[in-house]
Amino acid sequence: MPTLHLVSRAPALAACLEVAGADDAILLLEDGVYAGVAAGHAADDGADAPPRSLFALEPDVRARGLGDRLGAGITIVSDAGFVGLVERHQPIVTWR
Amino acid sequence: MPTLHLVSRAPALAACLEVAGADDAILLLEDGVYAGVAAGHAADDGADAPPRSLFALEPDVRARGLGDRLGAGITIVSDAGFVGLVERHQPIVTWR
Amino acid sequence: MTNGKRILFLLRQAPYATCHALEALEAVLVAGVFDQQVSVLFRDAGVWQVVNGQDGSALEARTIGKVAQALPQYGVTALYVCGESLAQRSLCPADLVLPVTVLDDAAQARLLAAQDAVVND
Amino acid sequence: MTNGKRILFLLRQAPYATCHALEALEAVLVAGVFDQQVSVLFRDAGVWQVVNGQDGSALEARTIGKVAQALPQYGVTALYVCGESLAQRSLCPADLVLPVTVLDDAAQARLLAAQDAVVND
Amino acid sequence: MKIGIAVHGAPYSSQASATALRFARAALAAGHTLPRVFFYHDGVHAASALTVPPQDEPSPQPGWAELAQNHGVELAVCIAAALKRGIVNDEERERYELAAASLHPAFTIVGLGQLVDAVCATDRFVTFAA
Amino acid sequence: MKIGIAVHGAPYSSQASATALRFARAALAAGHTLPRVFFYHDGVHAASALTVPPQDEPSPQPGWAELAQNHGVELAVCIAAALKRGIVNDEERERYELAAASLHPAFTIVGLGQLVDAVCATDRFVTFAA
């Protein structure tokens with residue numbers, strides 16, 4: 001079963017991407033959602049790395065005003081969607 | 001009077017160096033001392049940036065086993081030396 | 001405005017994941033009612049504090065952008081933001097919730113050097 | 001060693017500035033006495049936990065390297081370290097306080113994928 | 001599915017407790033069971049009975065207590081992490097001759113082995129880091 | 001020289017309190033005066049009277065208390081930051097009908113204005129961040 005990576009701080013996405021498998025899913029949550037902002041030049045992000053299933057948690061995206069600022073290809077999920085990802089993946093790895 | 005910059009986490013040195021003046025002093029303390037490790041290729045550091053007065057706090061260096069690992073040109077100071085730096089600089093800016 | 005100490009609040013942390021941003025802004029608001037020369041520099045992830053479109057209710061939290069918008073009413077009008085920090089996040093001044101002066105690194109260096117004290121978040 | 005769950009502790013934080021490293025290692029030691037397949041991966045700033053020459057007494061703290069050295073005695077012998085994280089810090093295996101297996105990113109990916117659960121610091 | 005949860009961050013200081021609570025509610029709503037939430041590191045502060053939440057920022061604590069009461073979720077607080085952070089029950093208060101206890105009654109002080117036990121007894125284990 | 005100090009990190013969870021204490025002692029030894037140490041953010045946890053330090057990791061708290069007693073250093077804890085983190089004195093305990101108070105007697109609960117006052121009343125101001 002593929003791994004689910006939880007990225008809760010933006011700079012941690014880089015480390016996650018180094019070891020995430022091609023079938024793994026990555027969920028950006030808390031400050032990790034900033035890593036999903038369509039990249040300017042470098043900084044907190046890494047969102048233009050190799051394509052994997054990339055998700056972002058809706059309440060975190062909305063609180064931070066990022067609704068229209070996330071890169072294309074990032075799927076917004078609710079808390080229920082988060083639970084669904086946990087059902088379909090193992091193990092769950094947190095990066096902060 | 002020049003500014004004293006306190007860098008208490010290694011990744012924060014980069015931001016500090018962007019705005020530190022040529023006469024300013026930089027004191028690495030707590031996890032900031034890792035930024036003083038003689039650079040391999042990139043990572044936490046930035047110690048090979050433009051020359052400014054660069055100090056590291058002795059108890060933090062010793063606890064972490066960095067005594068022989070710091071880059072040349074970094075001056076180790078005691079807590080008393082830290083106080084001396086505060087006397088001779090203003091303002092004091094913390095980067096974490 | 002010519003009395004008192006020159007105090008800069010250096011705000012570098014993103015809002016919501018921790019309460020550092022909120023608590024630091026509360027300190028700035030209090031400083032504003034003292035007779036001091038208070039200024040604020042938003043830098044690095046701290047620029048997210050003043051981005052528009054925030055809605056803290058999604059997290060049952062206060063909207064940090066709204067807290068920041070109150071700064072001028074508390075007499076804190078010297079508001080600066082790091083231009084490079086904005087650019088790295090694909091942001092421009094029109095994306096922010098209140099008028100701020102964009103500074104390059106050299107101007108930030110001069111701002112820091114002019115302070116009596118710097119308080120950070 | 002073939003019974004139980006495969007549990008990996010992913011340790012990415014430097015010691016001393018916070019107690020995350022110490023508390024995470026204490027959890028690993030406890031896990032070691034359970035009949036599980038426990039492994040540890042030191043990565044990113046977490047590799048500093050196992051560097052030699054540490055002396056916690058400088059901070060009136062426990063020496064984290066010594067805590068890590070106790071891992072094999074508690075039955076935790078599957079110890080891995082990220083090679084790239086070492087190289088970025090000018091470290092090599094000879095700089096570490098105990099024998100560890102150096103893994104490249106692909107091998108770490110396989111290690112993660114083989115786990116039932118991952119606990120982080 | 002049985003899901004284990006670890007919380008590593010303190011309320012307010014970190015979003016971890018609030019995020020974990022939302023996840024826990026969603027997991028229960030989806031029909032999963034949560035045998036135990038393990039509070040470790042600064043996460044133990046969620047168990048303080050002495051906090052006064054700011055008016056406009058609700059504490060996750062009543063939500064945790066509700067999960068314990070209505071869904072049988074064990075709220076387990078690591079004793080070693082709790083003691084050094086001032087989270088103590090009556091027993092520890094007495095043993096260490098402290099002026100008061102501070103543990104909210106919905107939470108239970110446990111040993112670190114219960115973290116490993118929570119990992120072993122569940123199908124998924126999710127950490128909410130500080 | 002008058003030096004003001006702010007502490008933003010909790011003991012154990014952060015080195016900030018221990019580093020600040022060492023700095024404070026060195027500053028006093030060098031003949032400086034420390035009118036006030038301001039505990040803000042998670043720094044307020046230094047004022048908990050209910051902590052049990054691990055045997056091999058001494059708490060900075062007795063050191064802070066010694067500075068207050070022997071050097072007249074005011075240990076000022078921000079009320080807003082303290083209340084939400086469960087650090088309360090008897091007055092707040094009563095007002096909010098809590099089961100107990102948790103403030104160590106060497107520390108004083110103050111308003112956030114005292115942070116600005118500490119900056120204004122000193123020649124240098126040093127922040128020990130989390």
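In this text the structure is predicted, and so the values were computed from the model without any measurement. Lettering follows sequence order; numbering is per chain, from 1.
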When the 4.5 angstrom heavy-atom criterion is applied to A:L29 and chain E, the contacting part is side chain
Tell me the residues of [range] whose non-hydrogen atoms fall below 4.5 Å from those of chain A, in number order.
range: residues 109-130 of chain E; result: E:D123, E:R124, E:F125, E:V126, E:T127, E:F128, E:A129, E:A130
range: residues 6-38 of chain E; result: E:Q15, E:A16, E:T19, E:R22, E:F23, E:A26, E:A27, E:A30, E:H32
range: residues 39-50 of chain E; result: none

Within residues 89-96 of chain A, contacts to chain E at heavy-atom distances under 4.5 Å involve A:H89, A:Q90, A:I92, A:T94, A:R96
Enclosure of A:D68 CG (heavy-atom neighbours >12, cutoff 6.0 Å): no
Please check if the number of heavy atoms outside E:E66 that lie under 6.0 Å from its CD is greater than 12. yes
Interface check, chain E: of A:L6, A:D60, A:D31, most non-hydrogen pairs under 4.5 Å belong to A:D60
